[in-house]
> 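Right, I'll just put the structure down here and ask away after.
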Amino acid sequence: MLSRLLTRLPHPRLVTGRPMSTVAIPSEEAFTEHVSSNSKSKQLVYFTASWCGPCQVVAPTIEALSDQYAESVDILKVDVDNNPELSGQFEVTAVPMFVLLTRNGDALSEAGRVTGASIEQVEGLLK
């Protein structure tokens, strides 16, 4: 599942340039490419859906957090309806769901998760 996906990731490549805000992930391949090419030590995967009311409510705040933590964290936005395999690998059971991935050398591991629209808990993951 998640460990299978994470162990397939190639060595990270350095990314230079301006910090990104929330990055929309259209596919599992795009997720793998982005995570593997990113040198940041933290990446927050934000699972959402267009029909999810709480997701729509927290979306502007997540964008603001993305800007606030742009130097240290990338926030990757994954639509569960468009990415059912990726959502399954992360065992997403409800949206919104936030999964923090941290990098230690070449290894990437899950460092925490928040299910629901608790911005305080999400921000706690990012600190």
> Within this structure, what is the CE-OG1 distance for the pair Met97 and Thr48, rounded to the nearest 0.5 Å?
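Rounded to the nearest 0.5 Å, the CE-OG1 separation comes to 12.0 Å.
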> What pairs with Pro54 under side-chain contact (heavy atoms from CB on, under 4.5 Å), at least two apart in sequence or on another chain?
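Scan of Pro54 (side-chain contact (heavy atoms from CB on, under 4.5 Å), adjacent residues dropped) gives Cys52, Pro96, Ala117.
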> Would you give me the side-chain donor-acceptor pairs under 3.5 Å for residues 55-64, sequence neighbours excluded?
from  : atom 1 : to    : atom 2 : distance (Å)
Gln56 : NE2    : Ala49 : O      : 3.2
Gln56 : NE2    : Ser50 : O      : 3.3
Glu63 : OE2    : Thr22 : OG1    : 3.1

> Do Lys40 side-chain atoms and Arg103 backbone N/O form a donor-acceptor pair below 3.5 Å?
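It does not hold such a pair.
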> If you apply the rule side chain to side chain contact (heavy atoms under 4.5 Å, CB included), what do you find for Phe90 with Val80, and how did you get there?
CA-CA 11 Å; Phe90 279 91; Val80 296; over 6 Å; no
> Out of curiosity, Phe31 CZ to Asn83 CG, how far, rounded to the nearest 0.5 Å?
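Here the rounded value is 10.0 Å.
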> Are any non-hydrogen side-chain atoms of Leu76 and Val23 less than 4.5 angstrom apart?
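A side-chain contact under 4.5 Å exists here.
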> Rounded to the nearest 0.5 Å, what's the gap from CD on Gln43 to CG on Leu100? Could you check?
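Interatomic distance, Gln43 CD to Leu100 CG, rounded to 0.5 Å: 9.5 Å.
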> Minimum heavy-atom separation for Asp81 to Trp51, with atom names?
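It is OD2-NE1, 2.6 Å.
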> Side chains of residues 119-127: which donor-acceptor partners sit under 3.5 Å, not counting sequence neighbours?
from   : atom 1 : to    : atom 2 : distance (Å)
Glu123 : OE2    : Tyr69 : OH     : 3.2

> Could you work out, with side-chain contact (heavy atoms from CB on, under 4.5 Å) as the rule, every residue matching Ser41, not counting sequence neighbours?
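Residues passing side-chain contact (heavy atoms from CB on, under 4.5 Å) with Ser41: none at all.
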> Any ring pair (Phe, Tyr, Trp, His ring centres under 6.0 Å) involving residues 94-126? Give me the pairs, sequence neighbours left out, ordered by first then second residue.
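For residues 94-126, and leaving out neighbouring residues, the ring pair (Phe, Tyr, Trp, His ring centres under 6.0 Å) pairs sorted by first residue read Tyr46-Phe98.
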> Using the test side-chain contact (heavy atoms from CB on, under 4.5 Å), find all partners of Ala24 that sit at least two apart in sequence or belong to another chain.
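Checked Ala24 against side-chain contact (heavy atoms from CB on, under 4.5 Å); zero matches.
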> At what distance, to the nearest 0.5 angstrom, does CD1 of Ile75 lie from CD1 of Ile25?
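Going from the CD1 atom of Ile75 to the CD1 atom of Ile25 covers 12.0 Å.
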> What's the separation between atom CD in Glu91 and atom CZ in Arg113, rounded to the nearest 0.5 Å?
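Between atom CD of Glu91 and atom CZ of Arg113 there are 6.5 Å.
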> The criterion is side-chain hydrogen bond (donor to acceptor under 3.5 Å, both in side chains); which residues satisfy it with Asn82, sequence neighbours excluded?
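Once residues adjacent in sequence are excluded, Asn82 has no partner under the side-chain hydrogen bond (donor to acceptor under 3.5 Å, both in side chains) criterion.
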> Rounded to the nearest 0.5 Å, how far does NE2 of His34 lie from OG of Ser27?
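With rounding to 0.5 Å, OG (Ser27) is 12.5 Å from NE2 (His34).
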